[in-house]
Amino acid sequence: DTEVTQTPKHLVMGMTNKKSLKCEQHMGHRAMYWYKQKAKKPPELMFVYSYEKLSINESVPSRFSPECPNSSLLNLHLHALQPEDSALYLCASSQEPPSGGAYEQFFGPGTRLTVL
Amino acid sequence: GQNIDQPTEMTATEGAIVQINCTYQTSGFNGLFWYQQHAGEAPTFLSYNVLDGLEEKGRFSSFLSRSKGYSYLLLKELQMKDSASYLCVHEGYGQNFVFGPGTRLSVLP
């Protein structure tokens with residue numbers, strides 16, 4: 001299984017809602033990532049989990065809260081989002097955390113989020 | 001900080017060769033990746049360079065010069081399906097990945 005899956009594919013939420021994005025991989029990868037991608041822009045790194053521990057937080061607002069329940073799962077909890085948070089949220093995984101090795105990232109199809 | 005530059009758009013003809021350049025100014029370097037992203041899809045890995053020189057993989061090759069902060073992706077025998085965005089990705093110290101702005105390549109018949 002060389003696939004990263006994400007659910008849901010699409011999500012529409014109001015600014016007062018609480019929702020969660022889910023990501024799963026069964027490749028035994030030890031690093032997982034959340035990215036945000038706006039239209040016609042490159043992905044921006046939000047969070048990195050290495051061996052189930054949060055190892056980097058790129059100054060992301062606290063209304064985004066990541067969680068790694070186990071080595072195969074990664075969640076992104078959303079609360080009190082703003083319309084400008086509407087974007088494609090991509091999850092990725094790699095065999096090992098970034099450390100100067102050729103550990104390519106495998107990306108999921110993304111969740112397209114719209115905040116009303 | 002990190003600054004990565006790529007041309008915004010390029011156009012080439014089916015069967016031709018195209019070179020997509022990437023320059024970077026960074027405070028640390030662990031490696032440079034190239035990813036392909038078709039419209040509406042997730043990025044997929046193409047190549048990785050950590051040492052200077054050329055890495056070849058079928059129709060795709062990537063070159064790196066660390067002293068010049070420069071990389072390029074070379075695509076040979078272009079096919080229509082190569083129309084996509086090509087993303088130069090810099091891995092810096094501290095598990096930091098920065099994607100360049102991407103180059104949208106259009107392959108014409």
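Quick note on labels: first sequence line is chain A, next is B, and so on, each numbered from 1. Computed from heavy atoms alone, side chains included, the values below leave out hydrogens, waters and symmetry copies.
- Heavy atoms of A:Gln37 lying under 4.5 Å from chain B belong exclusively to its side chain.
- Shown here are the side-chain hydrogen bond (donor to acceptor under 3.5 Å, both in side chains) partners of A:Arg112, two or more places apart in sequence or in another chain: there are none.
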Return all side-chain donor-acceptor pairs below 3.5 angstrom for residues 71-79 of chain B, not counting sequence neighbours, or 'none' if the list is empty.
unit_1  : atom_1 : unit_2  : atom_2 : d
B:Ser71 : OG     : B:Trp34 : NE1    : 3.0
B:Ser71 : OG     : B:Phe63 : O      : 2.8

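- Of the two parts of A:Pro43, the backbone and the side chain both hold a non-hydrogen atom closer than 4.5 Å to a non-hydrogen atom of chain B.
- Around the NZ atom of A:Lys41, the shell of radius 6.0 Å holds no more than 12 heavy atoms that belong to other residues, nucleotides or ligands.
- Here the CD-OG distance, from A:Glu104 to B:Ser47, works out to 10.5 Å after rounding to the nearest 0.5 Å.
- Checked against the 6.0 Å centroid threshold, B:Tyr48 and A:Tyr103 do not count as a close aromatic pair.
- Hydrophobic clustering (ILVMFWY, side-chain heavy atoms < 4.5 Å, transitive): A:Met15 and A:Val60 are in one cluster.
- Contact count against chain A (heavy-atom pairs under 4.5 Å) is highest for B:Phe45 among B:Phe33, B:Phe29, B:Phe45.
- Closest non-hydrogen pair, B:Ala42 versus A:Phe107, comes out as CB-CB, 3.7 Å.
- Near-neighbour residues of residues 101-109 of chain B relative to chain A, defined by a heavy atom under 4.5 Å from a heavy atom of that chain, comprise B:Pro101, B:Arg104.
- A single hydrophobic cluster is not seen to contain both A:Met46 and B:Phe97; linkage of ILVMFWY side chains at heavy-atom distances under 4.5 Å, directly or through other members, places them apart.
- Centroid-to-centroid, the aromatic rings of A:Tyr35 and B:Phe99 come within less than 6.0 Å.
- Hydrophobic clustering of Ile, Leu, Val, Met, Phe, Trp and Tyr side chains at less than 4.5 Å, counting indirect connections, unites B:Tyr35 with A:Leu90.
- Shown here is A:Lys18, whose NZ atom has no more than 12 heavy atoms of other residues, nucleotides or ligands within 6.0 Å.
- Under the 4.5 Å side-chain heavy-atom criterion for ILVMFWY residues, no single connected hydrophobic cluster contains both A:Leu73 and A:Phe64.
- Of residues 79-88 of chain A, no residue lies under 4.5 Å from chain B by any heavy-atom pair.
- By the rule that hydrophobic residues join a cluster once side-chain heavy atoms approach within less than 4.5 Å of another member, A:Val48 and A:Trp34 end up as members of separate clusters.
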